[in-house]
Amino acid sequence: MQKEIVYLDNGASTKADPKVLEKMKPYFCEIYGNASSSHTFGQKSKQALENSRDIIAKSLNSKPEEIIFTSGGTESNNFALKSIAFSNKDKGNHIITTKIEHKSILNTCKWLEKQGFDITYLNVDKEGFVDPEELEKVITDKTILVSVIHGNNEIGTIQNIEELGKICKEKKVYFHTDACQSFTKTELNVKKQNIDLITINSHKIHGPKGVGALYIRKGTNIKAWQHGGEHEYSLRSGTENIPGIVGFAEAAKMGMNKKHMDKMTVLRDKLIKEIMTRIKNVKLNGPEGNKRLCNNVNLSFKGIEGEALGGYLDQYNICSSTGSACSEKSLEPSHVLKAIGLNNETANGSLRLTLSRFTTEDEIEYVMSVLPKIVNKLRRLSPF
Amino acid sequence: MYSEETINRFKNPRFGGEMKNPDAVGQVGNMKCGDVMKIFLKIKDNIIKDIRFQTFGCIAAIASSDAMCELAKGKTIEEAMKIKYSEILDKLGEIPKQKIHCSVLGTQALKKAIENYKKKQNKKENKQGG
């Protein structure tokens, strides 16, 4: 049995790159001043903050003053939706999103419904794509915001963000995307893709946890949601997490490399192909090829419950995740798998393996040396 | 976290797999919550001589099926009907709170199998009587 952890749950969180950690270290005990302080020492922190902002801005082809640092993806999503909603409620109370969003969008929308906003949840097709024509149809003169996840965290679908953005631009509706999974894993360009707000975070790209950002296009009507000392252009108060922000920027800089994407794509396709040829009755959830996140594999194994499969893999030190009901507090199968039309058995039989740039071919082979026999064993125990 | 006992039963269940020519079968659960449990029984002189399970479910569901089978084997059907899910939990040791319903499912499957057995017996007796 392999002693080292084979970490294939990079959609949940990633290992911080040791080089990222090195960049962060001076900002704990050496350059620890408050970036708002006027003394030279504090200004060193300020400089680190603004350098980091430049790096993140460039990674999205935006301007530094359009980047607001936050505590992560959940905060950025909450900030974007709640603040756009309340800042623009004189124009309308209608918001459009999809049925396959992350819970930080869906639960924020549920809360907004209680505050009097109307939310439309768009359907997706069997691969998880939003139909741009359907979006166009549901936009009304009351619509103030459209929010669509860029790369889906469960099934890896990469939306045609450019086309959706174009529609929103034509209809003069703000367009937000949650790009936590897709950032550094596919193109993200605010000018080309007509995006007004983007959520990104650090711990999915080999940076530290507890830091993220919200890109807000210049001129967007949005007010502060978190009030205080008027940090981050008065849009998000709170002393800046300088070590985290420096680490986030370094992780983004290192991540923006096509070589990493190419490597993950090759290993992803090898893993999918090996599993589907060596194990019978397996279904790929989500699209194939370049419309799928380069690090995402999601498969349903007939007759097997996903958590049992993941639990068995865990015994071999392989980290995975599942969309099965058993893994959810609600005891309901994943809303994303239901939205793409899977029946309960197939949704409950899902296994997600998410790669990173540190994933090796040896690790993929190790998975293939144990997965077929585990599937056989669990299928013998199954009544189906 | 799961106890070592739970993990061991999950990985190497002693009572897992289909039974040929069972005297009774009971199935409970539903696909929505993702747990379906099927119990096979061999019964002689009112005693459960052999028992097997097939379970579509998580670690806790498979391990509790196995523990339940061990508890039932050798018991009379009346004794087996009285097995409580707490006895299954005692056998397994620690399992996460949200998984306790899996052990409840185990006792339900057993009861269903025994009820099916009784129905079959009644039919036989009626036929013999008629």
Side-chain angles (χ1 to χ4, degrees), chain A residues 1 281 283 285 300-339 341-352 370-371 373-384, chain B residues 1-20 22 25-40 52-66 68-69 92 95-106 109 112-113:
Chain A
M1 185 160 137
N281 294 318
K283 180 188 178 305
N285 299 319
S300 285
F301 295 78
K302 191 174 166 40
I304 303 181
E305 202 272 334
E307 209 194 42
L309 189 51
Y312 224 123
L313 288 170
D314 193 24
Q315 300 304 307
Y316 287 93
N317 284 339
I318 298 167
C319 302
S320 65
S321 75
T322 174
S324 90
C326 234
S327 69
E328 296 280 328
K329 283 181 190 140
S330 59
L331 294 176
E332 294 253 350
S334 141
H335 63 281
V336 175
L337 299 179
K338 297 292 284 174
L342 299 194
N343 63 24
N344 286 323
E345 186 191 338
T346 313
N348 280 324
S350 75
L351 179 77
R352 183 185 76 163
V370 298
L371 187 63
K373 54 184 184 192
I374 293 174
V375 170
N376 275 342
K377 202 164 177 181
L378 289 171
R379 278 188 175 154
R380 276 201 300 273
L381 287 180
S382 169
F384 301 109
Chain B
M1 277 299 289
Y2 291 109
S3 65
E4 217 183 307
E5 174 69 14
T6 307
I7 294 290
N8 285 340
R9 281 190 184 271
F10 163 65
K11 282 174 73 179
N12 296 301
R14 280 159 260 182
F15 298 90
E18 204 174 0
M19 182 193 282
K20 278 180 188 156
V25 179
Q27 183 171 321
V28 294
N30 68 68
M31 261 305 159
K32 198 174 176 195
C33 82
D35 280 320
V36 176
M37 219 173 264
K38 195 171 181 181
I39 297 290
F40 303 87
R52 298 272 141 189
F53 76 88
Q54 284 188 316
T55 295
F56 177 98
C58 61
I59 297 174
I62 290 173
S64 55
S65 306
D66 196 56
M68 197 275 301
C69 288
L92 290 180
I95 66 167
K97 259 192 185 154
Q98 73 268 27
K99 301 287 181 187
I100 289 176
H101 73 100
C102 301
S103 57
V104 179
L105 207 61
K112 187 113 181 233

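Convention: sequence-line order gives letters A, B, ...; per-chain numbering from 1.
Distance check, rounded to the nearest 0.5 Å: CG of B/N8 to CD of A/Q315 gives 8.5 Å. Note: A/E305 CD to B/I62 CD1 = 8.0 Å, rounded to the nearest 0.5 Å.
The shortest non-hydrogen separation linking A/A308 to B/G57 is CB-O, 3.2 Å. The two residues B/Q54 and A/S382 have their closest heavy-atom pair at NE2-O, 3.3 Å.
Not counting sequence neighbours, B/S64 has no partner by the side-chain hydrogen bond (donor to acceptor under 3.5 Å, both in side chains) test. Under the ring pair (Phe, Tyr, Trp, His ring centres under 6.0 Å) criterion, B/F10 pairs with A/Y312, not counting sequence neighbours.
Of the two parts of A/K338, neither the backbone nor the side chain holds a non-hydrogen atom closer than 4.5 Å to a non-hydrogen atom of chain B. For A/L378, the part lying near chain B is the side chain, with the backbone staying farther off; criterion is any non-hydrogen pair under 4.5 Å. No part of B/P96 comes within reach of chain A, as not one of its non-hydrogen atoms sits under 4.5 angstrom from that chain.
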request  = Applying side chain to side chain contact (heavy atoms under 4.5 Å, CB included), run through A/L381 and B/F53 and close with a yes or a no.
outcome  = CA-CA 7 Å; A/L381 287 180; B/F53 76 88; 4.2 Å; yes
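For NZ of A/K302, the number of neighbouring non-hydrogen atoms (other residues, nucleotides, ligands) closer than 6.0 Å is 12 at most.
Side-chain atoms of B/K38 never come within 3.5 Å of backbone atoms of A/F384 as a donor-acceptor pair (strictly under, hydrogens ignored).
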